[in-house]
Amino acid sequence: MNKKPHSRLWLYFTGIIFATIFAVFTLVTIIWLTLFRFDLIQIDPQVRHIPIAIFLLESILLGTTIAVFVGKILIRPIRNMSDAFDELSKGNFSVKIPSDGKIAEIREMEQHFNAMTYDLSHMETLRSDFVANVSHEFKTPLATIEGYATLLQNPGLTRDKHDHYVEIILDNCRRLSDLSTNILALSKLENQEMIIDNREFRLDEQIRRSILLLEGKWSPKNIEFDMDLPKQMYYGSEALLAQVWSNILDNAIKHSPTGGVICLNIQTTEKALTVSVTDHGDGMTEEVQKHIFEKFYQGDHSRKAEGNGLGLALVKRIVELCHGTILVQSAPGQGSTFFITLPL
C-alpha cells in the first residue's frame, strides 16, 4: 500500500506568513534604530533593545496564531477536498466532505462537490442498471431463438410444429431488432441537446397516418377510434414526433380490450397545443405511474413479451427536446390518458 505524501501546503503558507512578519519586523527595527541613532527619540541605552525584543516575541506569537488559523480554516478543508477527489478518481462515488466551512466560498465548494458526487453516483447506478437490463433483454430472446433452433433439428418434427417454431424465432428476431433500434435511438437522443430538422407540417394528419400504420395491431382487436383532430399546423421535427404518436398509440392499443375505443383530441391555446390519447384498458396504479417513463420499466409483466420498456422513455426524451411536457392520468380499471403538450 502506497503511503500518501504529507501536504506541503501548510508549510508554504507558514513560510509566507513568517517571511512577511520577518520583513515587517526588520523594517520596524531599522526605523527604530535609525530614530534612536539620530536622537529623534529619547530612551535609556540600556533598555533600548527591550521594545525590539517585545516586538519580536509578539511577531512570533502572531505568526504562529495566523499559521494555526490558516491551517484550520483554509488548509484543512482543501486537504479534505484533495483526499475526496483522490477517492473519487478511484470510483468511490459515495465520498462526502463536511460542508460546514466557516468561509462562504469554501463551504460553497464543499456543497458543490457533494452535489457532484451525488449526481455521479446516481448516473453510475443508472448506467449499471442500464447495462444489466440490456444484457437481460438481449439474453432472453437469444435463449429462445437458440432453444427453438435446436428443436428444429429434430428430423421427426411435424410441419405444424416446424412452422410454429419458425414463427417464434422470427418474433424474437424482430424483438431483438426493435430493441437494438430503440437503444440506439434513445442513446442518440440523450446526447442531443437541440433539434435541427424543424419544419412546418400538419400535426393532425401525422397522427392519422400513425393510426393507419398500426392497423395490423388494432384491426384484429376490433378497436375503434374517437377522434377530435382539427386542422393543426406545427413547426417542429416531423420525424421525431412521428415516433411519439406511434409509441403512445401502440401503448394504448396494447392495453385496450377487444372492441375497445381509443379517444384522441387536440386542444390549443395561444402558446401551446395539447394532444390527449385515452384508452379504456386496465389502467395503472400510482406506483406504476411514477416509473412509467423510466428505461426498461414495464408495469404490466403479463405484456412483457410485447415490448422492451423503452417506448415511453423515448417519447419523454423527444417531448423534452421539443420543450414540451408529457403527463399521464390513470387509475386501476379506469384506463389511462396521456397528455402531450407542445409549445407553439
Q: Using residues 201-212 as the side-chain source, report each donor-acceptor pair under 3.5 Å to any protein atom, sequence neighbours left out, with the distance given to one decimal.
A:
{"unit_1": "Arg202", "atom_1": "NE", "unit_2": "Asp204", "atom_2": "OD1", "d": "2.9"}
{"unit_1": "Arg202", "atom_1": "NE", "unit_2": "Asp204", "atom_2": "OD2", "d": "3.4"}
{"unit_1": "Arg202", "atom_1": "NH2", "unit_2": "Asp204", "atom_2": "OD2", "d": "2.7"}
{"unit_1": "Arg202", "atom_1": "NH2", "unit_2": "Glu205", "atom_2": "OE2", "d": "3.4"}
{"unit_1": "Asp204", "atom_1": "OD1", "unit_2": "Gln232", "atom_2": "N", "d": "3.1"}
{"unit_1": "Asp204", "atom_1": "OD2", "unit_2": "Arg208", "atom_2": "NH1", "d": "2.9"}
{"unit_1": "Glu205", "atom_1": "OE2", "unit_2": "Arg208", "atom_2": "NH1", "d": "3.4"}
{"unit_1": "Gln206", "atom_1": "OE1", "unit_2": "Trp245", "atom_2": "NE1", "d": "2.8"}
{"unit_1": "Gln206", "atom_1": "NE2", "unit_2": "Glu238", "atom_2": "O", "d": "2.7"}
{"unit_1": "Arg208", "atom_1": "NH2", "unit_2": "Leu229", "atom_2": "O", "d": "2.9"}
{"unit_1": "Arg209", "atom_1": "NH2", "unit_2": "Glu238", "atom_2": "OE2", "d": "3.3"}
{"unit_1": "Ser210", "atom_1": "OG", "unit_2": "Gln206", "atom_2": "O", "d": "3.0"}

Q: Is there a side-chain contact between Ile168 and Thr144 in this structure, where contact means two heavy atoms from C-beta onward sitting under 4.5 Å apart?
A: yes
Q: Can you tell me how far apart CG (Leu327) and CD (Gln329) are? Round to the nearest 0.5 Å.
A: 7.5 Å
Q: Rounded to the nearest 0.5 Å, what's the gap from NZ on Lys254 to CG on Leu249? Could you check?
A: 12.0 Å
Q: Using 0.5 Å steps for rounding, measure from the CG atom of Leu321 to the NZ atom of Lys316.
A: 11.0 Å
Q: Does any N or O in the side chain of Lys221 come within less than 3.5 Å of the main-chain N or O of Ser256, such that one atom is a donor and the other an acceptor?
A: yes
Q: Could you check if a side-chain atom of Tyr148 sits within less than 4.5 angstrom of a side-chain atom of Asn172, using non-hydrogen atoms only?
A: no
Q: Mind telling me whether Trp218 and Phe225 have parallel, tilted or perpendicular rings, with 30° and 60° as the class edges?
A: perpendicular
Q: Check for a donor-acceptor pair, side chain of His280 on one end and backbone N or O of Val261 on the other, with a separation under 3.5 Å.
A: yes
Q: If you look at every heavy atom in Val277 and Ala252, which pair is closest and at what distance?
A: CG1-CB, 4.2 Å
Q: Step by step, would you call Leu264 with Ser276 a side chain to side chain contact (heavy atoms under 4.5 Å, CB included)?
A: CA-CA 6 Å; Leu264 295 99; Ser276 62; over 6 Å; no
Q: Closest heavy-atom contact between Val319 and Thr341?
A: CG1-O, 4.5 Å
Q: Restricting to non-hydrogen atoms, name the atom on Gly283 and the atom on Ser336 that form the minimum distance, rounded to 0.1 Å.
A: CA-OG, 3.7 Å
Q: Is any side-chain heavy atom of Val315 closer than 4.5 Å to one of Ile326?
A: yes
Q: Closest approach of Asn198 and Ser237, non-hydrogen atoms and distance?
A: OD1-N, 3.2 Å
Q: Can you measure from NE2 (His164) to CD1 (Ile169) and round to the nearest 0.5 angstrom?
A: 10.5 Å
Q: Could you tell me the separation between the CD1 atom of Ile318 and the CG atom of Leu314, rounded to the nearest 0.5 Å?
A: 5.5 Å
Q: Minimum heavy-atom separation for Met284 and Val328, please, with both atom names.
A: CE-CG2, 3.4 Å
Q: Mind checking what makes side-chain hydrogen bond (donor to acceptor under 3.5 Å, both in side chains) contact with Asn265, not counting sequence neighbours?
A: Asp228
Q: Mind checking side-chain hydrogen bond (donor to acceptor under 3.5 Å, both in side chains) for Thr278 and listing every partner two or more places apart, or none if nothing turns up?
A: Thr337
Q: Which heavy atom of Leu152 sits nearest a heavy atom of His162, and at what distance?
A: CD2-CD2, 3.6 Å
Q: Given Phe338 and Asn251, is the side chain to side chain contact (heavy atoms under 4.5 Å, CB included) satisfied, shown in steps?
A: CA-CA 10 Å; Phe338 285 86; Asn251 190 69; 3.7 Å; yes
Q: How about Glu167: does its CD atom have over 12 heavy atoms from other parts shown lying under 6.0 Å from it?
A: yes
Q: Under the side chain to side chain contact (heavy atoms under 4.5 Å, CB included) rule, what do Ile223 and Ile253 come out as? Steps first, then yes or no, please.
A: CA-CA 8 Å; Ile223 293 175; Ile253 293 168; 3.9 Å; yes
Q: Please say whether more than 12 non-hydrogen atoms of neighbouring residues, nucleotides or ligands are located less than 6.0 Å from CD in Glu286.
A: no
Q: So, the side chain of Asn247 versus the backbone of Gln243: is there a donor-acceptor pair under 3.5 Å, distance only?
A: yes
Q: Look at atom CD of Glu320 and say whether more than 12 heavy atoms of other residues, nucleotides or ligands are closer to it than 6.0 Å.
A: yes
Q: Might you work through the side chain to side chain contact (heavy atoms under 4.5 Å, CB included) test for Leu342 and Leu344, ending with a clear yes or no?
A: CA-CA 7 Å; Leu342 301 170; Leu344 290 174; over 6 Å; no
